[in-house]
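Keep in mind that the numbers below use all heavy atoms, side chains included, and drop hydrogens, waters and symmetry copies. Residues take their numbers from the sequence shown, with the count starting at 1. As the structure lists them, so they are numbered: ligands from 1, and atoms in each ligand from 1.
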Amino acid sequence: MILLDGAKVANERNLRLKEQIEKDIITYKRAPCLAIILVGENPASMSYVKGKGKACKLVGITHELYRLDESISEEELSTLIIRLNQEDHVDGILLQLPIPKHLNETMLIDLISKDKDADGFHVINQGYLYQKKPTVYPATPKGIMTLLKAYDINISGMDAVIIGRSNIVGFPIARLLMDAGATITVCHRQTKDLAAHTKRADLIIASAGRAELVTKDMVKSGAVVVDVGVNRVDGKLVGDVHFEGVRQVAAYLSPVPRGVGPMTINGLLENTYELYLKHVK
Ligand code: GUN
């Protein structure tokens, strides 16, 4: 089994990005800037946001963190987003999800300028993605595609099974894999027989958010398995794939941690950088 070492690939790409940003700061007289909005105190979100801020620092992207109270009104949050849209030094805006239920998530995401949409979640950017036009891609699907490419995995003609249909991972990765020539099956909670699908898959993207859902008996020998899961079980981080079992049958497998996580952060940094270039040029 070959380990899909996301930490290694992401580190290499981040280093290259850092060097590029150092040059661009001289040319354009300022660093890229990402505004990160965190509402409430969800521990997982706090940890993700901390990681994103640290990664920005590492490559020379300035970041501004807006920590807002759980009880913030939709109007107040809208006012902040509108102000950040207008701020000339801000290149990217990220609203960390999930947000409290009293806030209209779709409306607020679409309020972010499509030209500052670091996550690629804006309805127009999603539309571009589904029309196969160049745009900002959501960071996790972008990171997965980059990881597969880094290991020269030829997706064309593969039977790909995606577990999970979220707007953040499952749905956009289905589109990107289809564009790369794979035949796609998207499984979800209502899927009758998950194992019947995964057993014949050349490529499995496990993004259901259920600890160790994918076991050895569900994976074909020689398959490529990408684990997007981040589940905390007894204080330990585990993926959606039972690593020790699946490693015995898969040809390629991404670990948790140090797999898709660092690639997602790299995707976000590269998105912010691309938005910056469009902004300053
Ligand atoms: N919550 C879980 N994943 C993500 C992500 O990629 N972006 C944002 N903004 N929130 C998330």
**OP:** Verify the distance criterion only: is there a donor paired with an acceptor across the side chains of Tyr273 and Asp24 at less than 3.5 Å?
**Re:** yes

Original post:
Considering only the protein, which heavy-atom contact is closest to atom 9 (N) of ligand 1, and what is its distance?
Top reply: Asp119 OD2, 2.6 Å

Original post:
To which protein heavy atom is atom 11 (C) of ligand 1 closest, and what is the distance rounded to 0.1 Å?
Top reply: Gln96 NE2, 3.4 Å

Salt bridge or not for [X] and [Y], using N-O below 4.0 Å?
{"X": "Glu87", "Y": "Arg83", "result": "yes"}
{"X": "Lys18", "Y": "Glu22", "result": "yes"}
{"X": "Asp193", "Y": "Lys199", "result": "no"}

Subject >> More than 12 heavy atoms from other groups under 6.0 Å of CZ on Phe171 >> reply: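 Atom CZ in Phe171 is not packed in, count stays at 12 or less.
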
Subject >> Minimum non-hydrogen distance to atom 1 (N) of ligand 1, winning option of Leu97, Ile93, Leu38 >> reply: Leu97

**OP:** May I ask you to check whether Leu95 has an N/O atom sitting below 3.5 Å from an N/O atom of ligand 1?
**Re:**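 In this structure, Leu95 places an N or O atom under 3.5 Å from an N or O of ligand 1.
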
Original post:
Should the proximity of Tyr48 to ligand 1, defined as any heavy atom under 4.0 Å, be assigned to the side chain, the backbone, both, or neither?
Top reply: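 Near ligand 1, Tyr48 shows nothing, with every heavy atom at 4.0 Å or more.
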
Original post:
Any idea which part of Lys52 is under 4.0 Å from ligand 1, heavy-atom wise: side chain, backbone, both or neither?
Top reply: side chain

Subject >> Residue Leu94 vicinity, atoms of ligand 1 by number, heavy atom under 4.0 Å >> reply: 9 (N)

Original post:
Under the 3.5 angstrom rule, does the side chain of Tyr66 hit a backbone N or O of Leu95 as a donor-acceptor pair?
Top reply: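 A pair under 3.5 Å: no.
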
